[in-house]
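Sequence lines set the chain letters: A, B, ... in the order given, protein chains first and strands last, and positions in each chain run from 1. Quick caveat: nothing in here was measured; it's all calculated off a predicted structure.
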Amino acid sequence: MLDPKLLRTDIQSVADKLKSRGFNFDVPAFNALEAQRKDLQTRTQDLQTERNNKSKNIGKAKSQGQDVQPLLDEVAHLGDALDAAKKQFDEVQAKLDVLLMTIPNLPHESVPVGKDELANVQVRVWGEPTKLDFTAKDHVELGAPNNWLDFETAVKITGSRFAVMRGSMARLHRALIQFMLDLHTSEHGYQEVYVPYLVNADSLRGTGQLPKFEQDLFKLSGESEYYLIPTAEVPVTNIVRDEIIEGDKMPLRFVCHTPCFRSEAGSYGKDTRGMIRQHQFEKVELVQMVKAEDSWAALEQLTGHAEKVLQKLKLPYRVMALCTGDMGFSSAKTYDLEVWLPGQQAYREISSCSNFGDFQARRMSARWRNPATGKPELLHTLNGSGLAIGRTLVAILENYQEADGSIRVPDILQKYMGGMEKLG
RNA sequence: GGAAGGGUGGCUGAGCGGUUGAAAGCACCGGUCUUGAAAACCGGCGAGGUAGUAAUACCUCCGUGGGUUCAAAUCCCACCCCUUCCGCCA
């Protein structure tokens, strides 16, 4: 949520910035609502003041044993007038709230301006695209032996966009999770957390998935209004919802492994082959809550933590700064990490690291207490994949393949695989 | 699922329907005292919003949402959550 004060004082520059991300902000409509709100609010408050004062007088008079009937007659009409004003005010306020909750975040000034992913800017490249002296197979072919990767069975059990993994492939998948959690907790200073995989609507509103993107989510049909998490960002960031964090506890850094569930509505026919785009996948997520002045440095640092995973796995990648038109709803700035996939001869997204500024914190009422002032201030939230497990698995299969179709195990993972050097 | 109790400020915890945004204590901040610290004493100390340059004034908030009333933390209804006991279950 944007700062309502900013909308009142500098609405045109807000509208201009939103335009760069393809969001048309109806300024006259907002101003009209805002004017109504202001008028109705002062009117309601005046009536409340009058009622409060007169009620107090009745209390006083009664305690002194005076006849209160004349005073009661005076306030008789007040209730109706107040109810009417309040009802109007609530209606306008509700409309304003809906509007406020559907406006995306403002992009940071360093974000490249552009319409879609074609305008994203390459920031740096690490390693060189893996060169094989044979024709690269893609991960679906490489996973076929031994039914390591079995999509047909998953279709039977559930449907499309699910996978069954077996044997050393399943183990490699698990090893990746352990490796990443260990790296971030022991070397990067994150606290490991375990969280619910079902969340309520308030949590999804807090991080920005609701109200606008319900169609991307799986919703349970039971009595409770619960949703499957699309990312650990939702439960982990909402740890601080409605909290005031003491200054000496800042910053907070959490790392969390969860499954993620996405409906992938609107991506029919896209990445239908293999593991790239699934309804269910695992992710190790990094989340930080920091002071406002630290969040830009934290974004660079957090991105570096995700990059470290790829470096230790010796997987070539590049870092892209997403343009204004390609960023997520809540983000002020996003870096995507894209790993090289020999099977596709292309870089593909494997991590997305974002600074949300105070956008999520305002929706969540997440604050920290500044010892300098003693006052609570909105904190800044960040997160990034560190990394998406399924896609990391794909990258390993395709980059570590041999001419005979066998797969070497990256050095750093061998201790998690019982010393195994090749998948077997 | 059954029974009982309970949700009040950063924490603990009072609160006959009427000048209660809320006693008291802890924590925290400032001061006195002290070489310094502690103790003691004095004072301050919730959040959000509206108007205003500001001082300030006013409004809202005692789990959530309704209701009764001139007036609700206090009465009524529904829901959510927590605790204890019983049952069931991994």
Problem - Parallel, tilted or perpendicular: rings of A:Y190 and A:H188 (30°, 60°) - result: perpendicular
Problem - A:L379 vs A:D358, side chain to side chain contact (heavy atoms under 4.5 Å, CB included): CA-CA, chis, key distance, verdict - result: CA-CA 6 Å; A:L379 46 76; A:D358 61 15; over 6 Å; no
Problem - Worked check of salt bridge (charged side-chain N to carboxylate O under 4.0 Å, His left out) between A:E187 and A:K312 - result: CA-CA 12 Å; A:E187 292 183 31; A:K312 295 221 173 214; 3.6 Å; yes
Practice task
Report, as yes or no, whether the 6.0 Å neighbourhood of atom CD on A:Q215 holds more than 12 heavy atoms from other residues, nucleotides or ligands.
Solution key: yes
Exercise for the section: Check the angle between the aromatic planes of A:F151 and A:H139 and answer parallel, tilted or perpendicular using the 30° and 60° thresholds. Expected result: perpendicular
Exercise for the section: Using the C1' atom on both, measure B:C45 against B:G31 and round to a whole Å. Expected result: 15 Å
Practice task
Would you write the dot-bracket representation of RNA chain B, where each base gets (, ), [, ], | or . depending on whether it forms a Watson-Crick or G-U pair under 3.5 Å and with which partner?
Solution key: ((((((((.[[[..)..(.....]]].(((((.......))))).((((((....)))))).[[[[[..)....]]]]])))))))....
Handout entry: Electrostatic pair A:R273:A:D138 at N-O distance under 4.0 angstrom
Key = yes
Practice task
For B:U53 versus B:A38, give the span between their C1' atoms, rounded off to a whole number of Å.
Solution key: 45 Å
Exercise for the section: Please tell me which of the listed nucleotides, B:G10, B:G18, B:U60, lies nearest to the side chain of A:R51? Expected result: B:U60
Practice task
Taking atom C1' in both B:A14 and B:G6, compute the distance separating them and give it to the nearest angstrom.
Solution key: 16 Å
Practice task
Name the nucleic acid region contacted by A:R362, choosing base, sugar-phosphate or nothing; use a 4.0 angstrom heavy-atom cut-off, strictly under.
Solution key: nothing
Handout entry: Between B:C86 and B:A72 - C1' atom distance, rounded Å
Key = 37 Å
Problem - Euclidean distance, atom CG of residue A:L82 to atom P of B:A72 [Å, nearest integer] - result: 11 Å
Problem - Between C1' of B:G10 and CD of A:E377, the distance in whole Å - result: 16 Å
Exercise for the section: Would you please test A:M327 and A:R21 for side chain to side chain contact (heavy atoms under 4.5 Å, CB included) and show each step? Expected result: CA-CA 8 Å; A:M327 284 201 307; A:R21 40 185 315 167; 3.9 Å; yes
Exercise for the section: Can you tell me, in whole Å, how much space there is between the P of B:G65 and that of B:C80? Expected result: 15 Å
Exercise for the section: Look at A:R408 together with A:E421 and state whether they make a salt bridge at an N to O cut-off of under 4.0 Å. Expected result: no
Handout entry: Closest-nucleotide 5' rank along RNA chain B - winner of A:I58 and A:R367
Key = A:R367
Exercise for the section: Between B:C59, B:G49, B:A71, spot the one nearest the side chain of A:Q41, thanks. Expected result: B:G49
Completion exercise
Contacts of A:N52 and A:V75 projected onto RNA chain B by closest heavy atom; the upstream (5') one is A:N52
Practice task
Measure from the side-chain heavy atoms of A:Q48 and tell me the nearest of B:G49, B:G18, B:C59.
Solution key: B:C59
Problem - Listed nucleotide nearest any side-chain atom of A:K38, set B:A51, B:A47, B:C58 - result: B:A51
Problem - Distance in angstrom units between A:W368 CH2 and B:A47 P, rounded - result: 15 Å
Problem - d(CG, A:N53; P, B:U19) in whole Å - result: 14 Å
Fill in the blank from the handout: Rounded to whole Å, the CZ-C1' distance (A:R241 to B:U64) equals 13 Å
Exercise for the section: Mind calculating the distance between CG (A:D202) and P (B:C79) to the nearest angstrom? Expected result: 19 Å
Fill in the blank from the handout: Which of A:K283, A:Q209, A:R262 passes side chain to side chain donor-acceptor pair (under 3.5 Å) with A:T231? Answer is A:K283
Practice task
Figure out the CD/C1' separation between A:Q93 and B:G49, and round it to whole Å.
Solution key: 10 Å
Completion exercise
From CD of A:E225 across to P of B:C81 the rounded distance in Å is 14 Å
Handout entry: Distance-only donor-acceptor test (3.5 Å): side chain A:K56, base B:G18
Key = no
Problem - B:A55 and B:G18, which share atom name C1', separated by this distance in whole Å - result: 31 Å
Handout entry: Nucleotide of B:U50, B:G18, B:A47 approaching A:K62 most closely (side-chain heavy atoms)
Key = B:G18
Practice task
Could you measure between the two C1' atoms, the one in B:A4 and the one in B:G10, and give it in whole Å?
Solution key: 31 Å
Handout entry: Closest to side chain of A:R8, choosing from B:G10, B:G49, B:C70
Key = B:G49
Practice task
Pick the C1' atom in B:A23 and in B:G46, then give their distance to the nearest Å.
Solution key: 16 Å
